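Below you'll find the structure, written out as C-alpha cells, and then a few comments.
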Amino acid sequence: MNQLKFLVLAAAFLLLALPGQAQKVAVIKLPELQKRLSRPTDTTYVVNFWATWCAPCVKELPHFDQLTTTYARQKVKVLLVSMDYASQLDKKVKPFVQKRALKSEVVLLNETDPNTYLDKVDTKWTGALPFTIILNNAQRKRVTFEQELSAEELHKQVQAFVK
Amino acid sequence: MKKLLPFLAACLVLALSSFIVLRPAAEGYQVGDKAADFKLKNVDGKLVSLADNKAAKGYIVVFTCNTCPYAKAYEQRIIDLNTKYAAQGYPVVAINPNDPAVAPGDSFADMQKRAKDKKYAFPYLQDETQQVARQYGATRTPHLYVLTRQGQDFVVSYIGAIDDNSEDAKLVKTKYLENAMTDIIAGKPASVNSTKAIGCTIKWKRA
C-alpha cells in the first residue's frame with residue numbers, strides 16, 4: 001500500500017517537474033503586442049519575428065532561445081513572435097515549438113494586413129523576415145535588425161543593454 | 001608626393017568600392033525616382049531591358065522567386081496581374097534576385113522550370129549580380145515596383161504590396177496594387193503609392 005502511494009506521488013511529481021511539457025503558443029492581436037512592448041519597465045525585451053517557413057529565421061532561432069538560459073538571472077525577456085498564419089498554429093507552429101523544445105515565450109501574431117500593422121510594430125520594418133527588436137523602455141533604448149543575426153552579434157547587442 | 005598620389009587614388013577606389021558593397025539595400029528608390037534600365041537574362045536565354053518594349057506605357061516590376069512561400073502564395077495573383085495589365089500597356093517583369101548558392105531552388109534551371117510549369121507569359125529574369133535589386137531597394141520577395149514611362153525614362157509610381165491578404169486571395173479587402181494602377185492608368189498619381197508587406201528576405205550573396 002505504501003509502495004503504491006509512493007508510486008502515485010512519484011508519478012505526480014514527475015508530471016509536474018517535466019520541463020517543456022505542452023509549451024503554449026498564445027494567439028495575439030496587434031494591440032496586445034503593442035501593449036507588451038510599451039511597458040515602462042527596466043526589462044530588456046528581445047523580440048524576434050519569425051516563421052516556420054522562413055529558413056534564416058529557423059537557423060537563428062536557437063541563438064534567441066539560448067538567451068533565455070544565458071540571461072536567466074537578469075531582466076531579459078525573449079519573445080518569439082511567429083508570423084505564421086493562424087491557420088497553421090496546430091499543424092506547423094505548435095509541433096515546431098515542441099520539437100525544438102523552445103524555452104522562450106512564443107506567441108503568434110494573428111493579423112492579415114501587413115501594410116497596417118508593420119509600421120505600428122516598428123516604422124523601420126519593411127516586412128522582411130527575420131526582424132528583431134531589442135528594447136528597454138526604462139533606458140529609452142531600442143535597436144532593430146531586418147536581417148539574420150549570428151549568436152555572437154546577438155550576444156553583443158544584448159550585452160549593450162544589460163550592462 | 002608623386003609616389004603618394006597613386007596610393008591615395010587606390011585608397012579612394014577602395015573606399016568607394018566598399019561603400020558600394022556595404023550600402024544597405026533598404027535605401028533604393030522612392031516614388032518619383034527615375035528607375036535605371038537593366039539588361040538581365042530571361043528564362044529563354046535572351047537579355048531583357050525596359051527599353052526593349054517600345055509599346056509599354058510602363059511595367060509592373062516584381063522581385064520574386066521560386067522558393068519563398070509568400071512568393072508562391074502570390075504567384076497566381078502575379079500571373080493574373082500580367083493578364084489584366086499587359087493588355088493596358090503595363091506588363092509584368094519578374095526578377096529573381098536570390099543567390100542560388102544560398103537558396104538552391106532559385107537556380108537559373110529551376111527558374112526555367114517554374115516559368116514553363118506555370119506558363120509565365122512575362123519575362124522571368126535572373127538578377128545574377130543582385131545589382132538591380134540593390135538599386136531598386138528591394139528587401140523581400142515579393143516586392144513590387146510600378147514604373148510609368150515619361151518620355152525616354154521610367155519613373156517609379158508605386159512601391160510595395162499586391163493586396164492585404166497573402167494567405168487567401170478570396171479574403172482580400174484592399175487591392176493596393178490594382179487601386180494604384182487604376183489611378184496611374186487614369187493619368188493620376190496613385191493615391192496610395194507605397195505599402196508594406198511581409199515577405200522572405202532576399203537571399204544576398206554571402207560576403
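The structure presented is a predicted model; accordingly, all values stated were derived computationally and were not measured. Numbers restart at 1 for each chain; the letters A, B, ... are given by sequence-line order, proteins then strands. What you see below is based on every heavy atom in this structure, not just the backbone, and it leaves out hydrogens, waters and symmetry mates.
- When the shell of 6.0 Å around NZ of A:K29 is examined, it contains more than 12 heavy atoms from other residues, nucleotides or ligands.
- The environment of NZ in B:K116 is sparse: at most 12 heavy-atom neighbours from other residues, nucleotides or ligands sit within 6.0 Å.
- Within residues 162-187 of chain B, the residues having any heavy atom closer than 4.5 Å to a heavy atom of chain A are B:D164, B:N165, B:S166, B:E167, B:Y176, listed by residue number.
- In plain terms, the two heavy atoms of A:A128 and B:R140 that are nearest each other are CB-CB, 4.0 Å.
- Residues B:I198 and A:Y117 are in side-chain contact: their nearest non-hydrogen atoms beyond the backbone lie under 4.5 Å apart.
- Separating the CH2 atom in A:W53 from the SG atom in B:C200 is a distance of 4.0 Å, to the nearest 0.5 Å.
- Counting heavy atoms of neighbouring residues, nucleotides and ligands inside a 6.0 Å radius, atom CD of A:Q159 exceeds 12 of them.
- When all heavy atoms of A:P114 and B:A197 are compared, the pair lying nearest together is CB-CA, 3.8 Å.
- To the nearest 0.5 Å, atom OH of residue B:Y70 and atom CE of residue A:M83 are 6.5 Å apart.
- B:K113 NZ: 12 or fewer foreign heavy atoms inside a 6.0 Å radius.
- When heavy atoms are compared at a cutoff of 4.5 Å, A:F49 does not approach chain B at all.
- Of the candidates A:T123, A:T126, A:D119, A:D119 is the only one forming a side chain to side chain donor-acceptor pair (under 3.5 Å) with B:K196.
- Judged by distance alone, with hydrogens and angles left aside, the side-chain atoms of B:T201 form a donor-acceptor pair with the main-chain N or O of A:L129 at under 3.5 Å.
- Residues of residues 65-82 of chain A lying within less than 4.5 angstrom of chain B, judged on heavy atoms, are absent.
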